[in-house]
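First up is the structure itself, then whatever we jot down about it.
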Amino acid sequence: MNPNDMIMRPIVGREELDLFRRLPYVLNDELNDDLASGRRRPEWMWMALRGDHLVARLAWWAPRAGEAPALLDILDLDDTLPGPASIDAGVRLFETASAAVLPVGVRPPEYNGFVPPQWRDDAEVRRAVEARMAVLERAGARPLVERLRLEWRPGTPIAPPSGRLTFRPVTGREELLALMTLVLDGTLDAHSRADLTRMPAERAAAQHYDDELAHYRSPREWWRIGTSPEGEPVGFVVPARNDYNPMIAYIGVVPAHRGNGYIDDLLAEGTRILAGQGVPRVRAATDVGNVPMAQAFLRAGYEVIGQRIDMTWSEGGPQ
């Protein structure tokens, strides 16, 4: 493939979605709604074209209209091409698109890539995933964490209340922030651990709340604190609904009460609240390395539907 034959440009608008979707990916069906809502913009959705052949593509995403790109969540290559040529095209596309879209000298948004469960076990899938990672590594990114994507479906049994905890709604932002700060002590979550290298726990908790939890339009009456028979908060669960799915947005047990299996009570309560709304599914995610949390989801009847690879850059952007 002659690199000089390639044209790199963003899509002109929704009329080019069919062209952009020629490479398969789990997010393809969401692109139309994302454009309509402003979570994506045509100028953030770039293609490398050789004639009318789509060689590579990428797209950034924002959680809300009017905000800056928050994630690079689409990066695809034509896997029928020889590996080195495909990777070279991806690197050129990333560099060209980033120069046009992202501020100079600022760390680019994190990359989140959805991959099948146990993706390393299939040689063809592994080559495709590692090619995408190679593109970003050549641009200065490094792997941060792999996460399990989990799903509960209606009809799956939910454990009845054990009676060990009493549940009540969260009284407000400050109460939840205090508990979020506590659960960061000893956390196994890679994103939280990375945050704690840059800021104190109180600030990390506030940032998480203000950037994510505060924007859910689902009722905050769903959010629950589990208390001991003495009335002491043991942990909390945040069942919610984002723009795509009902989900367990956050769950944690405070350090003083870990090791007693309370995570099962909290997860069952959160799932029960969402199931009571007649939802078609409940989604959740946790780090592959967070074995206790992953096991809790599996005990609660959640199934692994995929994995996610997160990659990040150092401060100052690509090197």
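Panel note: side chain R50, backbone I7; no donor-acceptor pair is recorded below 3.5 Å. Of the possible polar contacts, none joining the E67 side chain to the P63 backbone as a donor-acceptor pair under 3.5 Å is found. Put simply, the side chain of R147 gets close to the backbone of A285: a donor and an acceptor are under 3.5 Å apart. Of the possible polar contacts, none joining the D195 side chain to the A201 backbone as a donor-acceptor pair under 3.5 Å is found. R220 places no side-chain N or O within donor-acceptor distance of the main-chain N or O of P169, the cut-off being under 3.5 Å. Remark: side-chain polar atoms of R193 are paired, donor with acceptor, to backbone N or O of T187 under 3.5 angstrom. When atom types are taken as modelled, the side chain of D310 and the backbone of N112 share no donor-acceptor pair closer than 3.5 angstrom. Of the possible polar contacts, none joining the S218 side chain to the A240 backbone as a donor-acceptor pair under 3.5 Å is found. A donor-acceptor pair under 3.5 Å is absent between the side-chain atoms of Y262 and the main chain of T227, judged by distance alone. Counting only distance, with no hydrogens or angles, the side chain of T197 and the backbone of A194 share a donor-acceptor pair below 3.5 Å.
Checking H215 against N242 by side-chain atom types alone, no donor-acceptor pair falls below 3.5 Å. In the model, T171 has a side-chain atom that pairs as donor or acceptor with a side-chain atom of E175 under 3.5 Å.
Proximity of N245 to R281: side-chain heavy atoms (C-beta onward) are separated by under 4.5 Å at one or more points. A heavy-atom distance below 4.5 Å is found between the side chains of L266 and V253. You'll find the side chain of P233 stays beyond 4.5 Å of the side chain of V254, heavy atoms only. Residues E137 and P143 are in side-chain contact: their nearest non-hydrogen atoms beyond the backbone lie under 4.5 Å apart. Looking at I74 and L27, their side chains come closer than 4.5 Å, going by heavy atoms from C-beta outward.
In the hydrophobic clustering of this structure, Y250 groups with I273; members are Ile, Leu, Val, Met, Phe, Trp, Tyr whose side-chain heavy atoms approach within less than 4.5 Å, directly or through other members. The hydrophobic cluster containing V288 does not contain V115, counting ILVMFWY residues as joined when their side-chain heavy atoms lie under 4.5 angstrom apart, directly or transitively. Residues Y25 and V55 do not share a hydrophobic cluster, clusters being chains of Ile/Leu/Val/Met/Phe/Trp/Tyr side chains in contact below 4.5 Å. Both I248 and Y216 belong to a common hydrophobic cluster when Ile, Leu, Val, Met, Phe, Trp and Tyr are linked at side-chain heavy-atom distances under 4.5 angstrom. Tracing side-chain contacts under 4.5 Å through hydrophobic residues (I, L, V, M, F, W, Y), one never reaches F114 starting from V129; they form parts of separate clusters.
Ion pairing of R173 with D210 is present here, as a side-chain N (NZ or NE/NH1/NH2) and a carboxylate O approach within less than 4.0 Å. Note on R138 versus D88: salt bridge recorded, some NZ/NE/NH1/NH2 to OD/OE distance being below 4.0 Å. Electrostatic pairing of R132 and D79 counts as a salt bridge here, judged by a charged N lying under 4.0 Å from a carboxylate O. Look at R92 and E95 and you find no salt bridge, because none of the NZ, NE, NH1 or NH2 atoms lies under 4.0 Å from a carboxylate O. Using a 4.0 Å cut-off between charged side-chain N and carboxylate O, R149 and E151 make no salt bridge. Under the 4.0 Å criterion applied to side-chain N and carboxylate O atoms, E269 and R272 are assigned as salt-bridge partners. By the 4.0 Å N-to-carboxylate-O rule, D29 lies too far from R21 to be salt-bridged with it. With salt bridges taken as basic N to acidic carboxylate O contacts below 4.0 Å, none links R9 and E43.
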Exercise for review: Evaluate the criterion side chain to side chain contact (heavy atoms under 4.5 Å, CB included) for residue pair E110 and M311; output intermediate values, then yes/no.
Suggested key: CA-CA 6 Å; E110 182 179 287; M311 300 181 68; 6.0 Å; no
Review point. Which is it for L144 and H191 under the side chain to side chain contact (heavy atoms under 4.5 Å, CB included) test, yes or no, and what are the steps along the way?
Key: CA-CA 8 Å; L144 174 62; H191 286 87; 3.5 Å; yes
Exercise for review: Apply side chain to side chain contact (heavy atoms under 4.5 Å, CB included) to M247 and W152, showing your working.
Suggested key: CA-CA 9 Å; M247 61 180 180; W152 177 92; over 6 Å; no
Exercise for review: Take Y111 and T312, measure what side chain to side chain contact (heavy atoms under 4.5 Å, CB included) needs, and give me the verdict at the end.
Suggested key: CA-CA 6 Å; Y111 168 72; T312 190; over 6 Å; no
Check your understanding: salt bridge (charged side-chain N to carboxylate O under 4.0 Å, His left out) between R127 and E124: does it pass, once the steps are laid out?
Key -> CA-CA 5 Å; R127 279 194 298 272; E124 184 174 347; 5.2 Å; no
Practice item. Could you go through the salt bridge (charged side-chain N to carboxylate O under 4.0 Å, His left out) check for R217 and D243 one step at a time? Key: CA-CA 9 Å; R217 292 191 291 270; D243 292 313; 2.7 Å; yes
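Within a 6.0 Å sphere centred on CD of E15, other residues, nucleotides and ligands contribute more than 12 heavy atoms. Surrounding CD of Q207 are more than 12 heavy atoms belonging to other residues, nucleotides or ligands, all under 6.0 Å away.
In this structure, Y244 and W61 have tilted ring planes: the angle between them lies in the 30° to 60° band. Using a 30° and 60° split on the angle between ring planes, F297 and Y302 fall in the perpendicular class, above 60°.
When the options V101, D34, L17 are evaluated for a side-chain contact (heavy atoms from CB on, under 4.5 Å) with M45, the one that passes is L17. Test D33, D73, N32 against R40 for side-chain hydrogen bond (donor to acceptor under 3.5 Å, both in side chains) and you get one pass: D73.
Of the inter-residue distances, the one linking R107 atom CZ with L102 atom CG reads 13.0 Å to the nearest 0.5 angstrom. The distance from atom CG of D185 to atom OG of S192, rounded to the nearest 0.5 Å, is 12.0 Å. Rounded to the nearest 0.5 angstrom, L75 CG and M133 CE are separated by 11.5 Å.
The minimum heavy-atom distance between G90 and L77, with the atom names listed, is CA-CD2, 3.8 Å.
Proximity of the aromatic rings of W313 and F94 is defined here by a centroid distance below 6.0 angstrom, and this criterion is met.
A cation-pi arrangement is absent between R224 and F167, since the terminal nitrogen or guanidinium carbon is not both under 6.0 Å from the aromatic centre and inside a 45° cone about the axis.
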